[in-house]
Amino acid sequence: MTGAPAFDSFYSGLFGGRWEELKKALFLPPVYAGLSFGECEPYFLDPASVAAALCLPVRQSEKILDLCAAPGGKTLVLCGTSGSHTSLHANERSPSRKIRLAKVIASSLPPDISSRVRISCTDGSVWCRRESECYGSILLDAPCSSERHVLNDKSYLDKWSPARVKSAAAGQWALLSCAYRLLQPGGFLLYATCALCPAENDGAVSRLIKKFPDASVIQAEEVLSVFRENNGAFSGSIACPQEICPERILSLAERTESGFHILPDRASGAGPIYFSLIQKPSGFIQNNNN
C-alpha cells in the first residue's frame, strides 16, 4: 500500500487517536519567529527550530560545525550565541542550497560575525574519512522524511510508502555516526529532525549509544539550563508573539526517551521538530569501524 491511505495507516499506528488532530495541525500555515542582527536583513523561521538550536552549548567552543546548514536559520542562532573567539563552519551538501545558505549568511549577519563563518559544500556523511575530533560543538539538523511537507504536496503524498522512513533513517545514521566522530572529546552534538517517526528520532540516538556506549544523552534539566543561558546571551533579537516565543514553545515540548519533540497540535502550531543533546566523553578513543 502506498499514498495517502498508507501514510494515514502508518502514522495513526504511531499516534493512535491523536493522529487526526496532529494531521490537522500539520495542514495549518507555519508560524515564524524573526531573527535580526542590527540593521541586517531579518530571517524568519519556525520558533521550534530557534528553541532547538539554543539548546546546543557553543560559548566555550572554539570551532563549531553546522553539518547540514541550509537554508541557514539555525546557523544564525548559533552565530548569535557563540563568542567572538569562535569560528563556525556551515556545510551543505546541495550546491543550490549552499548558494541560498551563503546569501542568508551575507545578508542577515553583520560583517564582524559573518567573517567568522566558513561555508562549504560537501557530503557530511563521509567527512569523518578526512578528519576527526576537531569540533567542540556540532549541530546536525538531518534531512528527514518531512511529513509536514509530504502532507502539503500531493505529488509526494501520492508516492509515499514506509520505505521513505527507512531510507531517511539510513541517511540519518550515516550523518550522525560521522558527526560523532567529528566531535572533540568532551564536546556536544545536537541531533535534530523535523520528522514525526521515532525511527528517525530516538531510534537514531539509540543506535548511536549502542555503537558508542560511552556517549551520554544530556538530561532534560541540563538541556533547559543551556537554553536559558543561550537565550539570555543571544546577541541578536528574536521577534515573535509571546505565545510562540522559543521559551514558551520549549516549555510545551514533549519529553522522549532521548530528547524533546515539539509537535504543532500542542505547541501553538510550532514544529514538528525533534532534538537530542549528546556529549562525547573526555577520554573517548576514536573507533573507525562503521
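We use all heavy atoms of the structure for the numbers below, so side chains are in, but hydrogens, waters and symmetry mates are not.
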Query raised in the report: Taking C-beta and beyond as the side chain, do Phe227 and Leu56 meet within less than 4.5 Å on heavy atoms?
Result: no
Report task. Please step through side chain to side chain donor-acceptor pair (under 3.5 Å) for the pair Ser120 and Thr122, ending with a clear verdict. Result -> CA-CA 6 Å; Ser120 64; Thr122 191; over 6 Å; no
Query raised in the report: Mind checking who shares a hydrophobic cluster with Tyr32, ILVMFWY linked at side-chain heavy-atom distances under 4.5 Å?
Result: Phe44
I'd like to know if the side chain of [X] pairs up with that of [Y] as donor and acceptor (distance under 3.5 Å, no hydrogens or angles considered).
{"X": "Thr2", "Y": "Ser161", "result": "no"}
{"X": "Ser276", "Y": "Ser258", "result": "no"}
{"X": "His149", "Y": "Tyr156", "result": "no"}
{"X": "Gln184", "Y": "Tyr135", "result": "no"}
{"X": "Ser94", "Y": "Arg100", "result": "no"}
{"X": "Ser145", "Y": "Glu200", "result": "yes"}
{"X": "Thr86", "Y": "Arg116", "result": "yes"}

Determine whether a donor-acceptor pair (N or O, by modelled atom type, separation under 3.5 Å) exists between the side chain of [X] and the backbone of [Y].
{"X": "Ser235", "Y": "Gly80", "result": "yes"}
{"X": "Thr81", "Y": "Leu78", "result": "yes"}
{"X": "Asp66", "Y": "Leu140", "result": "no"}
{"X": "Arg181", "Y": "Cys128", "result": "no"}
{"X": "Glu41", "Y": "Ser108", "result": "no"}
{"X": "Ser167", "Y": "Ala163", "result": "no"}
{"X": "Arg248", "Y": "Glu243", "result": "yes"}

Requested in this report: Measure across Leu250 and Cys55 and return the closest heavy-atom pair with its distance rounded to 0.1 Å.
Outcome: CD2-SG, 4.1 Å
Query raised in the report: Could you walk me through whether Phe212 and Tyr180 pass the ring pair (Phe, Tyr, Trp, His ring centres under 6.0 Å) check?
Result: CA-CA 9 Å; Phe212 303 104; Tyr180 191 75; 4.7 Å; yes
Query raised in the report: Would Tyr274 and Asp202 satisfy side chain to side chain donor-acceptor pair (under 3.5 Å), going step by step from the backbone distance to the final call?
Result: CA-CA 9 Å; Tyr274 165 90; Asp202 276 352; 2.6 Å; yes
Query raised in the report: Quick check, are the ring centers of Phe234 and Phe37 under 6.0 angstrom apart?
Result: yes
Report summary line: One should read off an interatomic distance between Ile262 CD1 and Ile273 CD1, to the nearest 0.5 angstrom, of 6.5 Å
Requested in this report: Using a strict 4.0 Å threshold on nitrogen-to-oxygen distance, state whether Lys280 and Asp214 make a salt bridge.
Outcome: no
**Report entry** Note: Arg18-Asp265 ion pair, threshold 4.0 Å (strictly below)
**Finding:** yes
Query raised in the report: Parallel, tilted or perpendicular: which describes the rings of Trp160 and Tyr11, with under 30° parallel and over 60° perpendicular?
Result: tilted
